[in-house]
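Below: the structure, in structure tokens.
First the proteins, then the strands, lettered A, B, ... as listed; each starts at 1.
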Amino acid sequence: MSTPADMTLAEAGVALRAGELSARELLEAVLERAALTEAQLHAYLTIDHEGARVAADAADAAFAANEDAGPLHGVPVAVKDNMVTRGTETTCASQILAGYVPPYDATAVRRLREGEAVIVGKTNLDEFAMGSSTENSAYGPSRNPWEPERVPGGSSGGSAVAVAAGSATLALGSDTGGSIRQPAALCGVVGMKPTYGLVSRYGLIAFASSLDQIGPITRTVPDAAATLLAVAGHDPRDATSYRGAVPDAAAGLEAGVGGVRIGLVRELSAEGIEPGVRAAVASTLDALADAGAQVREVSLPSTAEALSAYYLIAPAECSANLARFDGVRYGLRVDGETTEEMMAGTRAEGFGPEVTRRILLGTYALSAGYYDAFYGQAQRVRTLIIRDFARAYEEVDVLVSPTSPTTAFALGAKTQDPLAMYMSDVCTIPSNLSGHPAISVPVAVDEAGLPVGFQIMAPSLGEEMLFRVAAEVERLVEFTQRPPLVEAAA
Amino acid sequence: MPIDIDIDHVARLARLALSEEELARYRDQLGVILEHAARVQALATEGVEPTAHPLPMVNAFRRDEVEPSLDRDEVLAQAPDPEDGYFRVPPHLEVE
């Protein structure tokens with residue numbers, strides 16, 4: 001049995017209901033772990049000690065009154081700071097929202113609260129979710145618990161760190177180009193992006209509206225399925241929210257992979273992949289084949305241009321979504337003689353370089369004379385990518401690849417070269433473009449002691465098959481390593 | 001082939017008051033990124049419909065009925081310069 005701060009959601013659930021541990025005790029253990037690790041790791045932008053204690057006590061009172069709000073009842077959860085939390089500062093790790101206290105909760109946050117989850121605080125991210133290392137935060141980077149001179153990945157770096165370090169039992173992140181899966185891979189935890197539309201985007205401060213999704217970051221695959229089910233489902237406040245039934249993500253967790261057809265995506269698994277990562281993926285595939293899966297290689301030629309299409313579509317959408325940060329109604333205001341001067345001055349001061357870069361890129365790609373050649377063409381390439389996926393899924397049940405081409409890189413290693421940083425997302429981006437669900441499962445630690453993530457992708461609404469294969473991978477690889485820092489603290 | 005970008009125009013459209021030095025730097029960086037992104041132009045896409053949105057959905061409407069909204073005081077508490085229930089801003093036009 002793990003120490004409370006290192007318990008999985010499943011373990012915590014059993015202990016809470018057996019009376020072995022109160023929600024308050026579990027929270028205090030998590031807060032203690034945060035106190036030990038935060039100076040070095042900086043996973044959090046805000047820890048709400050008082051609010052979390054009130055919620056934990058309320059969760060205990062509810063249990064005592066024989067209420068049971070579900071799997072997350074009494075469990076400490078970290079929330080990425082791009083989801084609004086009423087009454088608690090929400091910054092998107094930007095100066096332009098410093099001190100902003102939202103007047104409403106995101107739907108996913110509201111569902112956590114309704115489930116009696118205990119929100120510990122708001123985690124660090126790349127500013128406005130734009131980045132792959134959390135180095136674009138206006139409040140300083142988070143650090144990888146496995147090797148603190150290395151990045152945790154991004155943009156949901158803080159959430160991945162908190163889960164890996166034990167300063168939350170689980171976390172919510174958001175994923176637009178890989179921002180849940182890639183940090184999960186670099187931090188040795190599970191991270192999952194749902195089918196587009198399954199989790200409401202209401203209250204998720206928008207980066208790219210056709211790509212953004214909220215999803216779980218957890219220690220195990222079953223924990224991720226349970227967390228997804230706790231927040232998923234139609235929301236009338238999100239016009240892009242899926243109206244049909246939520247797939248039963250947990251139904252196939254014990255089913256194994258006998259007869260399951262698995263396709264390794266050629267275009268995502270060869271060029272630019274570190275040898276340690278490639279070896280871990282190959283070894284995982286061997287294990288899956290031994291366990292009864294049919295493994296083959298498949299080709300999705302259009303995915304070779306997925307990165308290019310993404311770096312036109314996402315900035316274009318972000319340039320529209322970030323137009324609202326103008327100093328008028330909330331956030332930073334830099335005074336000016338005219339409205340235009342005030343807005344331009346506010347935005348120049350409030351946004352960091354990566355956000356500025358993407359707004360400029362998107363504005364250009366959408367401007368008169370360039371729209372069709374760039375944004376329009378990228379949208380047509382998006383259709384080609386979706387067609388390639390559809391063709392592949394006629395022959396296989398799931399697709400796999402590395403989650404990230406590399407393990408965690410050093411802080412500062414890629415900050416001078418935007419393109420090199422963008423390459424971190426080459427394996428994850430295709431599923432954002434297609435809207436398909438995808439998950440990263442930790443499978444190995446490389447020779448340098450850094451975790452490697454294995455990515456599984458499934459067709460839209462294919463969460464049951466996705467989690468089925470992911471659960472089997474987890475069972476087969478027996479990834480039990482914890483960051484050295486955590487071994488010492490536990 | 002470097003892509004020519006009227007960075008002053010783009011920055012004006014995006015309401016970003018950047019310095020000359022910043023504008024030059026971003027113009028160069030955008031050129032590099034766009035060169036890579038322009039790879040999309042190499043793919044054959046005649047007759048291919050653009051995808052704006054991955055979910056096949058249309059007309060996600062709700063009934064036209066008034067529902068409670070956000071608390072106005074709580075919203076205005078976040079405003080940089082609220083006055084009488086309004087958001088006060090500098091003049092829109094140039095002042096003489």
Side-chain angles (χ1 to χ4, degrees), chain A residues 100-101 103-104 196-197 210 236 239-242 302 305 307-309 311-312 319 323 326-333 335-345 347-348 351 356-357 359-361 363-364 367 373-374 376-384 386 418-419 422 433-435 460, chain B residues 3 5-7 9-19 22-23 25-27 29-30 32-34 36-46 48-55 57 60-62 70-82 87-95:
Chain A
Y100 171 66
V101 180
Y104 68 114
Y196 182 90
S210 80
T240 62
S241 170
Y242 177 67
S302 311
E305 304 314 330
L307 201 73
S308 308
Y311 276 103
L312 289 169
S319 70
D326 56 10
V328 175
R329 289 157 298 166
Y330 41 72
L332 177 74
R333 176 185 286 197
D335 286 313
E337 301 255 307
T338 63
T339 318
E340 184 174 331
E341 222 179 82
M342 180 274 284
M343 290 181 173
R347 290 160 64 78
F351 290 138
T356 301
R357 200 162 19 245
I359 290 173
L360 289 169
L361 188 48
T363 304
Y364 176 84
S367 61
F374 288 109
Q377 179 66 359
Q379 287 189 311
R380 288 186 287 272
V381 170
R382 188 173 184 176
T383 303
L384 292 180
I386 292 170
L419 267 183
Y422 296 165
L433 291 171
S434 66
S460 279
Chain B
I3 297 182
I5 300 163
D6 183 353
I7 196 72
H9 175 60
V10 176
R12 175 103 197 276
L13 287 175
R15 297 293 186 267
L16 289 165
L18 300 168
S19 70
E22 284 169 322
L23 286 170
R25 184 162 25 98
Y26 285 123
R27 191 193 53 236
Q29 288 176 342
L30 253 59
V32 171
I33 297 166
L34 278 166
H36 188 271
R39 282 168 52 161
V40 293
Q41 288 158 4
L43 290 186
T45 55
E46 286 94 59
V48 177
E49 285 299 300
T51 296
H53 193 79
L55 255 190
M57 287 180 67
F61 294 140
R62 69 173 175 89
L70 299 174
D71 179 272
R72 194 167 80 166
D73 289 339
E74 213 179 326
V75 169
L76 286 170
Q78 296 305 310
D81 191 1
F87 299 101
R88 202 160 167 279
V89 294
H92 183 60
L93 303 169
E94 297 285 328
V95 282

- Message: Does any backbone or side-chain atom of B:Gln41 lie under 4.5 Å from a heavy atom of chain A? Answer side chain, backbone, both or neither.
- Response: both
- Note on the structure: Pair count under 4.5 Å, heavy atoms only, with chain B: among A:Tyr104, A:Tyr311, A:Phe374, highest is A:Phe374
- Message: For the interface with chain B, which of A:Thr356, A:Leu384, A:Ile386 has the highest count of heavy-atom pairs at distances below 4.5 Å?
- Response: A:Thr356
- With respect to chain B, which residue among A:Gly327, A:Gly345, A:Gly435, A:Ser210 yields the maximal number of heavy-atom pairs within a distance under 4.5 Å? A:Ser210
- Query: If you count heavy-atom pairs under 4.5 Å between each of B:Val32, B:Ile33, B:Ile7 and chain A, which one has the most?
  - Reply: B:Ile33
- Message: Please check this pair: side chain of B:Glu22 against backbone of B:Leu18, looking for a donor-acceptor N/O pair closer than 3.5 Å.
- Response: no
- Check each atom of A:Ala239 against the heavy atoms of chain B and say whether the ones under 4.5 Å are side chain, backbone, both or neither. both
- Query: Taking only residues two or more places apart in sequence or in another chain, which ones pass salt bridge (charged side-chain N to carboxylate O under 4.0 Å, His left out) with B:Arg27?
  - Reply: none
- Item | Nearest heavy-atom neighbours spanning A:Ser460 and A:Ser434 | OG-O, 4.5 Å
- Residue among B:Ala44, B:Ala17, B:Ala77 with most heavy-atom pairs under 4.5 Å to chain A: B:Ala17
- For chain B, find which of A:Tyr330, A:Tyr422, A:Tyr100, A:Tyr196 contributes the most heavy-atom pairs closer than 4.5 angstrom. A:Tyr196
- Task: Check for a donor-acceptor pair, side chain of A:Ser308 on one end and backbone N or O of B:Ala38 on the other, with a separation under 3.5 Å.
- Result: no
- Using a cut-off of under 4.5 Å for heavy-atom pairs, which of B:Leu70, B:Leu34, B:Asp81 has the most such pairs with chain A? B:Leu34
- Max heavy-atom pairs within cutoff under 4.5 Å with chain A, candidates B:Ala60, B:Pro50, B:Pro82, goes to B:Pro50
- Contact summary for A:Glu341 and A:Glu337, nearest pair of heavy atoms: OE1-N, 3.0 Å
- Task: Please answer whether the main-chain N or O of B:His92 pairs with a side-chain N or O of A:Thr338 as donor and acceptor at a distance below 3.5 Å.
- Result: no
- Message: Holding to salt bridge (charged side-chain N to carboxylate O under 4.0 Å, His left out), I want the full list of residues that pass it with B:Arg12, two or more places apart in sequence or in another chain.
- Response: A:Glu340
- For the candidates B:Ala79, B:Ala11, B:Pro80, which exhibits the highest count of non-hydrogen atom pairs separated by less than 4.5 Å from chain A? B:Pro80
- Query: So how far is it from B:Glu49 CD to B:Thr51 OG1, rounded to the nearest 0.5 Å?
  - Reply: 8.5 Å
- Query: Would A:Arg380 and A:Gln377 count as a side-chain hydrogen bond (donor to acceptor under 3.5 Å, both in side chains) if you check the C-alpha gap in whole Å, the side-chain angles of each, and the deciding distance to 0.1 Å?
  - Reply: CA-CA 5 Å; A:Arg380 288 186 287 272; A:Gln377 179 66 359; 3.2 Å; yes
- Message: So for A:Thr240, is it side chain, backbone, both, or neither that comes closer than 4.5 Å to the heavy atoms of chain B?
- Response: both
- Task: Go through the atoms of A:Ser367 and report whether side chain, backbone, both or neither lie under 4.5 Å from a heavy atom of chain B.
- Result: side chain
- Query: Which atoms of A:Pro236 come close to chain B, meaning under 4.5 Å heavy atom to heavy atom: side chain ones, backbone ones, both, or neither?
  - Reply: neither
- Task: Output yes when a side-chain donor or acceptor of A:Arg347 lies under 3.5 Å from a complementary backbone atom of B:Ala14, and no otherwise.
- Result: yes
- Message: Only pairs of heavy atoms separated by less than 4.5 Å count here; which of A:Arg357, A:Met342, A:Met343 has the most with chain B?
- Response: A:Arg357
- So, the part of A:Leu419 with a heavy atom under 4.5 Å from chain B: the answer is side chain
